[in-house]
Amino acid sequence: MQALDALGPKGPYRSRHRLTISDVTGVPMAELSLVPRLFVTRALAALHAAVTPPLEERLAALKRAGELFATGTVAGMTAAAYESAVCRMSGTPLANVRIAVEAIRLSATEAYRSVQAARPVGAVGDWRDPYARGGTAVWIRRGDVFAVHAAGNHPAVHALWLEALALGYRVAVRPSRREPLTPYRLVSALREAGFGTDQVVLLPTDHDAAGEILHGADLSMVYGGQEVIDRYATDPAVLPNGPGRSKILLTADRQWRDHLDVVVDSIARHGGTACVNATAVLVEGDPAPVAEALAERLAALPSLPPRDEKAVLPVHPLETARGFERLLLGKAAGARAWLGGDGVVDDLGDGSAVLRPAVFQLDDPLDPRLGMELSFPCVWVAPWTRAAGVAALRDSLVVTAITGDEALLDALLAEPSVKNLYIGDHPTHWIAPGIPHDAYLGEFLMRTKAVIRG
Amino acid sequence: MPTASLSVLDVPFDERPDPDEYIRAAMEWHFGPDTGSPFWLRKARTLDFDPRRDVKGVADLALFPNVTGELRDVPVRDLIPQGYGADARIVGVFESGGTTGAPKRIVCLRDWLDRLTHGLSADLDGLGIPRGVDWLAIAPSGPHMVGEMVAGTAARHGGLMFRVDMDPRWVKKLISAGKAEETDAYVSHLVEQAAHVLRTQEVGVLMTTPPLLERLARHDDLIELIREKVKGIMWGGAHMDADTRDLLRTEVFPDCALYGTYGNTMILGGATERLGLGPDEPCVFDPRTPFVTFSVVDPASGEPVPYGERGQVVMNHVSKSALLPHNLERDLAIRVPPPEGAAGDSVADVGPVAMFDDEVVIEGVY
């Protein structure tokens, strides 16, 4: 069994209190050191006391770390062994792990370009900039220490916080206990690439000590369900990341059949586990044919163990999978089932199970179930009407609007609770370096300060 | 029974009586018509055994029902053994923290507190904590016995004691109401008061709870002050995990003796940390037997668990001043063989069940 040590300010730390992490079939794979609250307190104090290295050093080290993470041997583990292990541990299909690895590599190597995109056009990065002679804004950090309560739904969630390192934050990451291997490898790679142990730490904890990480940091980002969003909604120091509730709108002026590939891809890419996966499809006109077509396409996805090259669907321990199924079927009562009405669990017979896609049809575009997001390809299809309008598309991380109605697009762009708007044939999961995910992280981490000098 | 046998109840502080002989004498005392408390004399009539005849030693304390629930409403004067006569020296009426409902009340008599504090002070000698230095206790006082116990120990050890009062019931109320910010503010208030004492006074011994120690450790200046002034830290009142203990000993307060107690109102005091164990050995608590004895049982069967296994702690307090046998506590601990000559069990790794609420299925993808 692999020891997944905490990575503290004095190096790796193996606690007595350890959690066994098993693969989806129940075979123990690793022992995760859970640090006590006092360790967190001390580690955060060390980050506060540390000094950020200069920008050029940081960017170079990030680039090295990204390459190392993606291709090198880190903490004794090759890239191939890592990909295989994380896929066994989390049930994420191998192909998706590879996508995540590439996203992390890209974020590390493109860090500068990525974070600079968030800088206000009136601001420069340094008071030495010539612009400061006539008076300008300088873009500065809102704090020095940034904490991340990471999620385990997809390894790619670890791409984002690399921007904080690029901006000069010292970073503390609390890994998800479902899949701590990715942040362990990433923090290890960052250290091997030159970041000091007082620049980035990995602090696995149980719930008891989790709050201490937020307390000890200047700013934090947390991932969680709706209750996490609600808890931190009014805390200016915490950036909550919750369910994406991404949606697709198909209006009557477009032939939905022409866009079926994009809709299916939006639902199923990443195994349906990402916040950018489509949760709802709204159809102007009769939604039944769309639901039927989606069900047909999604039903064709194969049930395979996660390490199979052709695997596309998420795998969980059987009991966990059953839990998701119960939750889904309970909520779906009364909805018209096109796929998954009898259940979504496909027992692989080795203690694990594939979660298969589900397609349900609802009658009301404002049915709250349209926002019910589960971590597998599960989609709610409903009729959309002009009367329901933008209201039916609120609270979405991404809306892909397949429509020619410019007034509607204006309204969607103006709607604050629609975070991203993709117009036409672009899947909800589309992302590129320099493009905001839920606004730029830099908008949260940085502010401007007026500077003038002689 | 000849009164000579009762003298074992008053053995000198440094002596440990034969456990079973001691228990038999205590039964004579607590169930003698002239010496027993009104509470126990009344209770005896409802028992299906005769304590003076059937309780022959520590193990037989398990015959008793757990009466601690009755301590919520029994008139406290009924708890005082009549054998003390009119001049019973009462230290005070103390109450439990109210974790499991309304508080329970006990009466603490001087002879017991003296025995208790003598033992603690002797332990501190063993730890090398100097006599004559002053103490700071950030601990419950008022109705809670721990404040009195620590004050008595400090005094016996030749120290003055500064106090920061902690109301554990209020903290519990805030926590259970989900008022994290208020809880935090209250704890900050405690830290602030402690900081003032630490800055302005010579404090040689610090007594507090593990959570408070951790909160003090958020402040580098307080860590410095404690390192500079404090020779010994006595902790109790809450669980301290092995990793935290190790960090405190090796990293945060490396030159300071750390001394744990596992206390409880229902035993009128606490069990204390076994000294001389290595850094990787668990923190073992030995009760001062036969006055206080433990057993570690399977909660389902009531039978003792094997040594090294985890079970629920059953506590007995048997002194001249009080009888509180066979009290099944909510704490869980590992059963450890007692030191040579001691009765019952010792306990290690006291605390809540090591529980990991693994990824629950929630609506949402994280």
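Per chain, numbering begins at 1; letters A, B, ... match sequence-line order.
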Q: Distance-only criterion, 3.5 Å: show the donor-acceptor pairs between side-chain atoms of residues 229-236 of chain A and protein atoms not counting sequence neighbours.
A:
unit_1	atom_1	unit_2	atom_2	d
A:Asp230	OD1	A:Gln226	NE2	2.9
A:Asp235	OD1	A:Ala237	N	2.9

Q: Give a yes or no on whether a salt bridge exists between B:Arg199 and B:Asp221, defined as a side-chain N under 4.0 angstrom from a carboxylate O.
A: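 Between B:Asp221 and B:Arg199 there is a salt bridge, with a charged N closer than 4.0 Å to a carboxylate O.
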Q: Using non-hydrogen atoms and a 4.5 Å limit, figure out which bit of B:Asp243 sits close to chain A: side chain, backbone, both or neither.
A: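 Its backbone and side chain both get close to chain A.
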Q: Relative to chain A, which of B:Ala242, B:Pro211, B:Ala217, B:Pro210 shows the most heavy atom pairs under 4.5 Å?
A: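 That would be B:Ala242.
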Q: Are any of the side-chain nitrogens in A:Glu319 or A:Arg322 under 4.0 Å away from the carboxylate oxygens of its partner?
A: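 Judged by the 4.0 Å cut-off on N to carboxylate O distance, A:Glu319 and A:Arg322 do not form a salt bridge.
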Q: Sequence neighbours left out, cut at 3.5 Å: what donor-acceptor pairs do the side chains of residues 29-46 of chain A make with other protein atoms?
A:
unit_1	atom_1	unit_2	atom_2	d
A:Glu31	OE1	A:Arg18	NE	3.1
A:Ser33	OG	A:Ser15	N	3.0
A:Arg37	NE	B:Glu214	OE1	2.7
A:Arg37	NH2	B:Glu214	OE1	3.2
A:Thr41	OG1	A:Arg37	O	3.0
A:Thr41	OG1	A:Glu212	OE2	2.7

Q: Of the backbone (N, CA, C, O) and the side chain (C-beta and beyond), which part of B:Leu213 lies under 4.5 Å from a heavy atom of chain A, both, or neither?
A: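 Contact with chain A involves no heavy atom of B:Leu213 at all.
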Q: What part of A:His215 is in contact with chain B, defined as an atom under 4.5 angstrom from a non-hydrogen atom: side chain, backbone, both or neither?
A: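 Contact with chain B: side chain only.
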